[in-house]
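Report on the structure given below.
Note that ligands are numbered from 1 as they come in the structure, with each ligand's atoms numbered from 1 the same way.
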Amino acid sequence: MHGGEPRDRASDSLAEPIVQTATYTFASTSALVEYMEGKVEREEYGRYGNPTVRTLEQKMAALEGTDDAVAFSSGMSAVTTAILALVKSGSHVVLFSDCYRRTRQFVTSFLDRFGVTSTLVPPADVDAMQAALTPQTRLVISEAPTNPYNNVVDLRRVAAICRERRIRTMIDATFATPVNLRPAEHGIDLVVHSATKYLSGHNDVLAGVVAGPNGLVSLVRDLRHVLGGVLDPHAAYLVHRGIKTLAVRVKQQNASALALAQALEGHPRVRRVWYPGLASHPHHAVAKELMTGFGGVVTFAVKGDLASVGRFVDACRIPRIAPSLGGVESLIEQPALMSYFELSTEQREAVGISDDLVRYAVGIEDTDELVADVLRALDQTA
Ligand SMILES: *Cc1c(COP(=O)(O)O)cnc(C)c1O
């Protein structure tokens, strides 16, 4: 609620003021010279900083337990700027293959053009990661938990192996939020978020954050000054306001997702459930050690084909069909019809996305109503 925030604000405002300006004035040429000589700290120009954005950044650093954080106009702007700040031509990057699709695309088909090589390793497979490291490896990237199967890599092992070789580690912790998991506590260097999801929490703004130690964050911030993916002050206010209720929202979402996962597991129409809070999840033990809650995303396979599973999705009355997650509204999607639509059933199987898969991102609606809605939809479309 209060972490990282100043006690006193401009005009004695209780709420965070939105400083809606593109530039900042200097009272005189001598005031400008004082600033240029580094004698005073203040704002200069909107791409270099904004007080509303700065409060959000300090709040995120407090939540993640890092020295500092830097905010961006989207999650992808945060991810790409952070990666670009850490690699150069000739560098090698190791990615866990189930990291965010656009992150993978950026590294494997964009950075590739500039002489940055990469290796994809199977989800959560730390031995494969270790085997993939080369003397040129500069960065290891994973998400935790991952989309859509909620894989949870052992961050402590990843951090220990990489630290020893001076390789940087970056975890996209969008699914977890600092309420459930704080990667820096486990030795991870950079934590990135799509603040579009749980942090803002209301499905009404796009934003991104990178948190970490001072040295690395300032490298990332310097590159943001150049690439320009800055967060608008009004959007920063919305994220800041969202974070005010982050803890209560995420706790509710943790509880609903666990209840939903438990109700689905063992249901005669459900083939399998992937939720790290269930003992049946392959990474339940690691998740229990690292996380204080298991998140709001439940992925499950409903017996049937693409069309019959679609009928189940259509029969759910509470969740809306949409990409994204983490907001107050429950959202549901069939990955086969969304991110993997252009692939055939066989191609989808090859990348581990079956046609019967459903991803349910719970909102903050009443837990019993959410569960009853899904069970009714399963029964009605059996
Ligand atoms: C949505 C998402 C992103 C991208 O964030 P945008 O805010 O949409 O740019 C990155 N990583 C994960 C895990 C996401 O869910």
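- The protein heavy-atom contact nearest to atom 11 (N) of ligand 1 is D172 OD2, 2.6 Å.
- A salt bridge links R157 with D127: at least one charged nitrogen is closer than 4.0 Å to a carboxylate oxygen.
- Every atom of ligand 1 with a heavy atom of G75 under 4.0 Å away is listed here by number and element: 5 (O), 6 (P), 7 (O), 9 (O).
- Contact check on R348 versus D355 returns a salt bridge, with a Lys/Arg side-chain nitrogen under 4.0 Å from an Asp/Glu carboxylate oxygen.
- In the vicinity of S74, heavy-atom distances shorter than 4.0 Å reach the ligand 1 atoms 7 (O), 9 (O).
- Under 4.0 Å is where a charged nitrogen must lie from a carboxylate oxygen, and between D189 and R163 at least one such pair does.
- Contacts between R102 and ligand 1 below 4.0 angstrom, taking non-hydrogen atoms only, are absent altogether.
- Salt bridge absent: E16 and R241 never bring a charged side-chain N and a carboxylate O closer than 4.0 Å.
- Checked by distance only, ligand 1 and T196 come closer than 3.5 Å through their nitrogen or oxygen atoms.
- Here the protein heavy atom with the shortest distance to atom 14 (C) of ligand 1 is K197 NZ, 2.9 Å.
- With respect to E57 and R224, a salt bridge is recorded, a charged nitrogen being found less than 4.0 Å from a carboxylate O.
- Using a 4.0 Å cut-off between charged nitrogen and carboxylate oxygen, D314 and R311 do not count as a salt-bridge pair.
- For L325, no nitrogen or oxygen atom sits less than 3.5 Å from a nitrogen or oxygen atom of ligand 1, counting backbone and side chain alike.
- At distances below 3.5 Å, not a single donor-acceptor pair connects side-chain atoms of T177 with backbone N or O atoms of L246.
- Those atoms of ligand 1 with a heavy atom of S194 less than 4.0 angstrom away are 1 (C), 2 (C), 3 (C), 4 (C), 5 (O), 6 (P), 7 (O).
- The single protein non-hydrogen atom nearest to atom 9 (O) of ligand 1 is M76 N, 2.9 Å, given as residue, atom name and distance.
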